[in-house]
Protein chains: 2
Amino acid sequence: MFVRITADSTPRPNSLRDLGMTSDSNALVSLSQFTYKKGSEIYGEREPAEYVYQVTSGAVRSYKLLSDGRRQIGAFHLAGDIFGLENGNEHRFTTEAIVDTTVRLVRRQSLEMVAESDAMVARNLLSMTTNNLQHAEDHMLLLGRKTSLERVAAFLLEMDGRLTASGVMALPMSRRDIADYLGLTLETVSRALSRLHEVGALGFVGNTQRQIVLLDRHKLASLDLQP
Amino acid sequence: MFVRITADSTPRPNSLRDLGMTSDSNALVSLSQFTYKKGSEIYGEREPAEYVYQVTSGAVRSYKLLSDGRRQIGAFHLAGDIFGLENGNEHRFTTEAIVDTTVRLVRRQSLEMVAESDAMVARNLLSMTTNNLQHAEDHMLLLGRKTSLERVAAFLLEMDGRLTASGVMALPMSRRDIADYLGLTLETVSRALSRLHEVGALGFVGNTQRQIVLLDRHKLASLDLQP
DNA sequence: CGCCTGGTTGACCCAGTTCAATAGCAGTGG
DNA sequence: CCACTGCTATTGAACTGGGTCAACCAGGCG
């Protein structure tokens, strides 16, 4: 009933290459690789959007800041995810590598040019944007109306769906990152995780420090915790 | 510095007719009108998305519900706004007329068909979706990290930008609607408005009951209140 | 006029924040 | 190999912004 916040209901292109290489437009856009160190910025909010990125390995956070330092993480990008696809000329988030991360990148312009002539590429762009929109819409509900426990449970289920086939996962992000994603403080996140652990919905493997988490979806589902 | 949450930075199609009637595709999609009574549902979440709508006059709220009744309004749609444009086959929100509202509507399918062959229509669809995404992203920051006063101030500025040239506006929605949009309770919204009134950032004209509001942008801006 | 709906205001309460102490690891370098 | 430093995470205790509950008030309308 909960499962799959970032609905993959619509089939979507899962690689930049898929986006660029189609039907007759053989102009496959130039791909290069790059590696960012843990904690380093990939691009800043309001910077001109020159590239579109796909995570090859690692993890990325994208966020907005208020001038007094309050931070809201809008999304985590994991292996396979495409990000930086603002259509408009500026990035609307700052992005940073959460751990050492390598990305593939494409010039935005070349992508747009291809999209102009290739309807399929255009459709894929729209579909990706729609997926992002859907995620943001669901996240608004979470941020506006869910309790701390519901938020953390939703987060675990989302990550479980994205990080692994099922069951065990190594969360790359810190408690603070999780908190800023969920609109909470890191203490509240920690407490919620402890509670879920007590209740047995959740196990820790090699204990502590960027943990491996074992998730019991059924237990979690049977807790109350809104869709 | 705050001004324009729903950035109109990108030029965007401001009518369904704009979307359908372009270059060579003379197949202008069929337009019809319809009027919804105050409070009536236009479509429900998870319903098949058959039409795309544009508000001719009136106002619409679109929201998600949790099973226990908690509600999050994702957006208000005012005269000129297009909504119901989920690309995907289901609506992701429930929408209701806030006051008596007339809309124009287009079959989604015919729009999609046109988009298939007309790059400009396709681009407009993408641009509209991107605008929605941007609004949602900004709203996540508001819901996750802003104080009640900041939220209400942001709401007033947004509405001021959308409802009128500047200064006076008649809010069509109730305190409860505003609260569910901002992730607050109606009492908190009421208190915040009172505080802004005391401080002189805000005046009421024909007093109370779906008020006309007079907004002093400068006063509001000079209060603290994050971008 | 009297009901009904929506808005305001007050008093109290609590979920989540803030502040603070403690502890587990990961380096680092002697 | 172990001491030392610097994280990050957990947990407790006290505090508070916004929620809850409740009284009251102002129109609009039959």
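Here is how names work: the chains are called A, B, and so on, in the same order as the sequence lines, proteins then strands, and each is numbered from 1.
Residue B:L186 has its side chain nearest to C:dT8 when only D:dA9, C:dT8, C:dT9 are considered.
The nearest pair of heavy atoms linking A:E45 to A:Y63 is OE1-O, 4.3 Å. Considering all non-hydrogen atoms of both residues, A:Q33 and A:R104 come closest at OE1-CG, 3.1 Å.
Residue B:F204 contributes atom CZ, which lies 15 Å from atom P of D:dA26 at whole-angstrom precision. Whole-Å rounding puts the B:R175 CZ to D:dG19 P distance at 16 Å. If you measure from atom CZ of A:R191 to atom C1' of D:dA13, you get 9 Å, rounded to the nearest angstrom. A straight line from CZ of B:R195 to C1' of C:dT9 spans 15 Å, rounded to a whole angstrom. Summarising the geometry, the separation between CD on A:E187 and C1' on C:dC19 is reported as 9 Å, rounded to the nearest angstrom. When rounded to the nearest whole Å, the span between CZ of B:R145 and C1' of C:dT17 equals 10 Å. One atom, CG of B:L202, and another, P of C:dT8, lie 10 Å apart when rounded to the nearest Å. Computed from coordinates, the A:D100 CG to C:dA26 P distance equals 16 Å when rounded to whole Å.
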Legend entry - Evaluation steps, side-chain hydrogen bond (donor to acceptor under 3.5 Å, both in side chains), between A:H91 and A:E50: CA-CA 9 Å; A:H91 287 296; A:E50 231 192 314; over 6 Å; no
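Residue B:S190 places no side-chain N or O under 4.0 Å from the OP1 or OP2 atom of C:dG7. Applying the 4.0 Å criterion to OP1 and OP2 of D:dT11, one finds that A:S194 has a side-chain N or O inside that range. For D:dG19, one of the phosphate oxygens OP1 or OP2 lies less than 4.0 angstrom from a side-chain nitrogen or oxygen of B:T185. Considering only side-chain N and O atoms, A:S174 lies nowhere under 4.0 angstrom from the phosphate OP1 or OP2 of D:dT8.
A salt bridge between A:R71 and A:D180 is present, with a side-chain N of the basic residue lying under 4.0 Å from a carboxylate O of the acidic one.
For A:H77 and A:Y53, the ring centers are positioned 6.0 Å apart or more.
Across all strands shown, A:T188 has heavy atoms under 4.0 Å from base atoms, whether or not it also approaches the sugar-phosphate.
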